[in-house]
Asks: 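Here's a structure for you.
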Amino acid sequence: MFKENVITSALKEYDSNLTYNPTGRFPENTYRMARFESYDRYRSEDENRGFIDGKEFIMADVHTQREHRDKDGHTSYTTVFRGQVALMHLPNTIGFDISVVNNTIKLFSGDTHVEIDNPTFEEHYDVFTTDKIKAMKILTPAVTNKMLDLNNKYGFKFELKIISNQVFFRFYADNLFEPNAADI
């Protein structure tokens, strides 16, 4: 009831073009295409859809877990990721893949690691790509400083992946649309 009444109204006040579906999901097959991490359990809810600069996006809460079994056969799960994932399609493919990942998380391997001309950015993020030269042309100091500003403004870790013409954003911000019992 909280989500359907309070969250829906709040989002409409923020942007009347946003649609919110508390039971909507970020499609798991689409999430897998981003190759964020390996996991055994996937859950998603709180889907939002809207437009940014005329480009449609989808965003939802995602929770992934890895399964562990002890020597007695008992199963437990460890959270790998809990936060929001968003996807936006570019009008054209950029011709290579690029991943900007938080360097304290270390979930990405593969492609070539690129050093960026921004020491402060390098303290927080690692960049992997299939084309170093094109990645350096995109991740200029102005762009990397904007990304650092986003990190500093909201205080949570994020990742960015561009695969073909798909831009994935991942925010480590727990469950964004869950009510906090302490606030009620």
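Residue numbers count from 1 along this sequence. Everything numeric here is computed off the predicted structure, so don't read it as measured data. Note that these values count all heavy atoms, side chains included, but never hydrogens, waters or copies made by symmetry.
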Asks: Step by step, would you call Lys55 with Val167 a side chain to side chain contact (heavy atoms under 4.5 Å, CB included)?
Replies: CA-CA 11 Å; Lys55 295 170 192 71; Val167 181; over 6 Å; no
Asks: For Asn165 and Asn92, which heavy atoms make the closest approach, and how far apart are they?
Replies: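 For Asn165 versus Asn92, the nearest heavy atoms are CB-O, 3.6 Å.
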Asks: If you round to the nearest 0.5 Å, how far is CD of Glu67 from OG1 of Thr78?
Replies: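 That separation rounds to 10.5 Å.
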Asks: Is the Phe81 ring parallel, tilted or perpendicular to the Tyr172 ring (thresholds 30°, 60°)?
Replies: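 Geometry flag for Tyr172 against Phe81: perpendicular rings.
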Asks: Rounded to the nearest 0.5 Å, what separation is found between the CD atom of Glu37 and the CZ atom of Arg66?
Replies: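 Spacing of CD (Glu37) from CZ (Arg66) equals 7.0 Å.
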Asks: If you measure from CG on Asn21 to CD1 on Ile58, what distance do you get to the nearest 0.5 Å?
Replies: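 Taking CG in Asn21 and CD1 in Ile58, the distance rounds to 9.5 Å.
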Asks: Apply side-chain hydrogen bond (donor to acceptor under 3.5 Å, both in side chains) to Tyr31 and Arg170, showing your working.
Replies: CA-CA 10 Å; Tyr31 184 82; Arg170 188 159 91 152; 2.6 Å; yes
Asks: Do Phe168 and Phe36 pass the side chain to side chain contact (heavy atoms under 4.5 Å, CB included) test, and can you show the C-alpha distance, the side-chain angles, and the key distance before you say yes or no?
Replies: CA-CA 10 Å; Phe168 293 89; Phe36 284 114; 3.9 Å; yes
Asks: Is there a donor-acceptor pair closer than 3.5 Å between any side-chain N or O of Thr75 and the backbone N or O of Arg69?
Replies: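 Looks like no, no N/O pair under 3.5 Å.
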Asks: Working to the nearest 0.5 Å, report the span between CD of Gln65 and CZ of Arg82.
Replies: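 Spacing of CD (Gln65) from CZ (Arg82) equals 7.5 Å.
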Asks: Could you tell me whether the side chain of Met59 reaches within less than 4.5 Å of the side chain of Phe169, counting heavy atoms only?
Replies: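 SC-SC contact between Phe169 and Met59 ruled out.
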Asks: Would you find a donor on one side and an acceptor on the other, under 3.5 Å apart, between the side chain of Lys134 and the backbone of Ile98?
Replies: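 No, the answer is negative, given that no donor and acceptor are paired below the 3.5 Å cut-off.
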Asks: Would you please classify the geometry between the Phe128 ring and the His113 ring as parallel, tilted or perpendicular, with 30° and 60° separating the classes?
Replies: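 The rings of His113 and Phe128 stand perpendicular, inter-plane angle above 60°.
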Asks: Work out which heavy atom in Ile94 is nearest to a heavy atom in Ile162; give both atom names and the distance.
Replies: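 Result for this residue pair: CD1-CG2, 3.4 Å.
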Asks: Taking the basic N atoms (NZ, or NE/NH1/NH2) and the acidic carboxylate oxygens, is any pair closer than 4.0 Å for Glu159 and Lys157?
Replies: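 The answer is no: the pair does not qualify as a salt bridge.
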Asks: For a side chain to side chain contact (heavy atoms under 4.5 Å, CB included) check, start with the C-alpha distance between Phe121 and Val127, then their side-chain angles and the critical distance, and finish with the verdict.
Replies: CA-CA 10 Å; Phe121 184 82; Val127 176; 3.8 Å; yes
Asks: Could you tell me whether a side-chain N or O of Asp72 sits under 3.5 Å from a main-chain N or O of His74, the two making a donor and an acceptor?
Replies: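 No: the side chain of Asp72 does not pair with the backbone of His74.
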Asks: What pairs with Glu56 under salt bridge (charged side-chain N to carboxylate O under 4.0 Å, His left out), at least two apart in sequence or on another chain?
Replies: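 In terms of salt bridge (charged side-chain N to carboxylate O under 4.0 Å, His left out), with neighbours along the sequence ignored, Glu56 is linked to Arg49.
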Asks: For Leu139, does its backbone N or O pair with a side-chain atom of Thr144 as donor and acceptor, under 3.5 Å?
Replies: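 Side chain of Thr144 to backbone of Leu139: no pair is present.
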Asks: How close do Pro141 and Asn118 get, heavy atom to heavy atom, and via which atoms?
Replies: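 Scanning both residues, the minimum pair turns out to be O-ND2, 4.0 Å.
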Asks: Taking all non-hydrogen atoms of both residues into account, name the closest pair between Glu122 and Val114 and its distance.
Replies: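 Closest pair (atom of Glu122, atom of Val114, distance): OE2-O, 3.7 Å.
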Asks: Could you measure the distance from the CE atom of Met33 to the CD1 atom of Ile163? Nearest 0.5 Å is fine.
Replies: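 Met33 atom CE to Ile163 atom CD1 measures 7.5 Å (nearest 0.5 Å).
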Asks: Within the side chain of Thr129, is there an N or O that forms a donor-acceptor pair under 3.5 Å with the backbone of Asp131?
Replies: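 Pair found, side chain donor or acceptor close to backbone of Asp131.
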Asks: Does some side-chain heavy atom of Asn102 sit less than 4.5 Å from a side-chain heavy atom of Phe158?
Replies: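 No, every pair of side-chain atoms sits at 4.5 Å or beyond.
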Asks: First locate atom OG1 of Thr112, then atom CG of Asp97, and finally report the distance between them rounded to the nearest 0.5 Å.
Replies: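 CG of Asp97 is found 11.5 Å from OG1 of Thr112.
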Asks: So which atom in Tyr42 and which in Phe26 form the shortest heavy-atom distance, rounded to 0.1 Å?
Replies: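 Looking at all heavy atoms of both residues, the closest pair is OH-O, 2.5 Å.
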Asks: Run the side chain to side chain contact (heavy atoms under 4.5 Å, CB included) check on Met136 and Ile116 step by step: do they pass?
Replies: CA-CA 7 Å; Met136 294 294 288; Ile116 300 299; 3.9 Å; yes
Asks: Write down the atom of Asp61, the atom of Gln84, and the distance for their closest heavy-atom approach.
Replies: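 Smallest interatomic distance, heavy atoms only, reads OD1-NE2, 2.7 Å.
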Asks: Measuring centre to centre across the rings, with the benzene-like ring taken for any Trp, is Tyr77 within less than 6.0 Å of Tyr39?
Replies: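 Distance test on ring centres: not under 6.0 Å, no.
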